[in-house]
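See structure below.
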Amino acid sequence: MNTYLPLPPSPKARGDLKPGVLYGIDGGDSYLYYGQVAPNKHIGFFRFRSREVLVQNALAAPLMSRFIVNNPSIGTALRAGKWINLGRQGLRPELLEEPVMVQWPAGTLTVTLWKGRDILGNTVVHDPEIQDLEIIAAYHATDHVSPRLRADFCETADAWAVGGSIRRERLKRQDMAARFPHQPWHQLPTDWVAVQ
């Protein structure tokens, strides 16, 4: 199947989170990015982009990132022509494994590590071992996924602005504290450890 951007709207489409479903995502940069649904309903995105639909090339590429996408927003994206359902494909083995993710409650430097429904323990946000772990968050398919995929693919200096890992979230909070020093909700705790 070869189609060129922009993607066609699909007025009656609904999101499908069955394992193996492959989506094409309009990145807003004239490229199509690809994501496959994992058994835990997270979506794994491949380090591959193209100007036409190239399913096998996408599935052969390494995983770039993996995160939660709000299910109702996938239907919205399909209906708007921002995403396209490319059918169920053979599931990538990496997507069978539950990733370790991080929950970071507001107002604390202590985070909780989760693997699926199991708590692995607590640590601090500046723990060097967790800097590349994904923060638990649900991304909106039309508003947040495309900027995140562009940042992950290009690895720009300001990629932290779209969130994702603990390191990126720490950089984002430091930026907000610097830009809004008089707003109490953006002030960093006194024992904050700056990102190196």
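Note that this is a predicted model, so its numbers are computed, not measured. In this chain, numbering begins with 1 at the start of the sequence shown.
- Remark: Arg66 fails to qualify as a cation-pi partner of Phe45 under the 6.0 Å distance and 45° angle criteria applied to the six-membered ring.
- Pairs engaging residues 97-141 under the ring-ring contact (aromatic ring centres under 6.0 Å, His included) rule: Phe67-Tyr139 [sequence neighbours left out].
- Under the salt bridge (charged side-chain N to carboxylate O under 4.0 Å, His left out) criterion, Asp175 pairs with Arg179, sequence neighbours left out.
- Residues that satisfy the ring-ring contact (aromatic ring centres under 6.0 Å, His included) test with His186, not counting sequence neighbours, are Phe180.
- Shown here for Leu95 and Pro39, the closest heavy-atom pair between the two residues is O-CD, 3.3 Å.
- Take Gln89 and apply the side-chain hydrogen bond (donor to acceptor under 3.5 Å, both in side chains) test, not counting sequence neighbours, and it matches no residue.
- Residue pairs meeting the salt bridge (Lys or Arg N to Asp or Glu O under 4.0 Å) criterion with at least one partner in residues 36-46, sequence neighbours excluded, are absent.
- Sorted by first then second residue, the salt bridge (Lys or Arg N to Asp or Glu O under 4.0 Å) pairs that include residues 126-142, not counting sequence neighbours, are Asp132-Arg167, Glu134-Arg148.
- Listed by chain and number, the hydrophobic cluster partners of Val124 come to none, as no ILVMFWY side chain reaches under 4.5 Å of it.
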Is there a side chain to side chain contact (heavy atoms under 4.5 Å, CB included) between Arg49 and Cys154? Walk through the geometry before answering.
CA-CA 11 Å; Arg49 65 184 185 181; Cys154 297; 3.9 Å; yes
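- Among residues two or more places apart in sequence or in another chain, the side chain to side chain contact (heavy atoms under 4.5 Å, CB included) test is passed with Arg47 by Pro62, Met64, Phe153, Glu155.
- Residues forming a salt bridge (charged side-chain N to carboxylate O under 4.0 Å, His left out) with Arg117 (at least two apart in sequence, or on another chain): none.
- By the side chain to side chain contact (heavy atoms under 4.5 Å, CB included) test, Asp16 is found to be paired with Lys18, Val21, Tyr23, Asn85, residues two or more places apart in sequence or in another chain being considered.
- By the side chain to side chain contact (heavy atoms under 4.5 Å, CB included) test, Pro147 pairs with Arg150, Val162, sequence neighbours left out.
- The side chain to side chain contact (heavy atoms under 4.5 Å, CB included) test applied to Gln174 returns Leu171, Leu188, Trp192, Ala194, Val195, not counting sequence neighbours.
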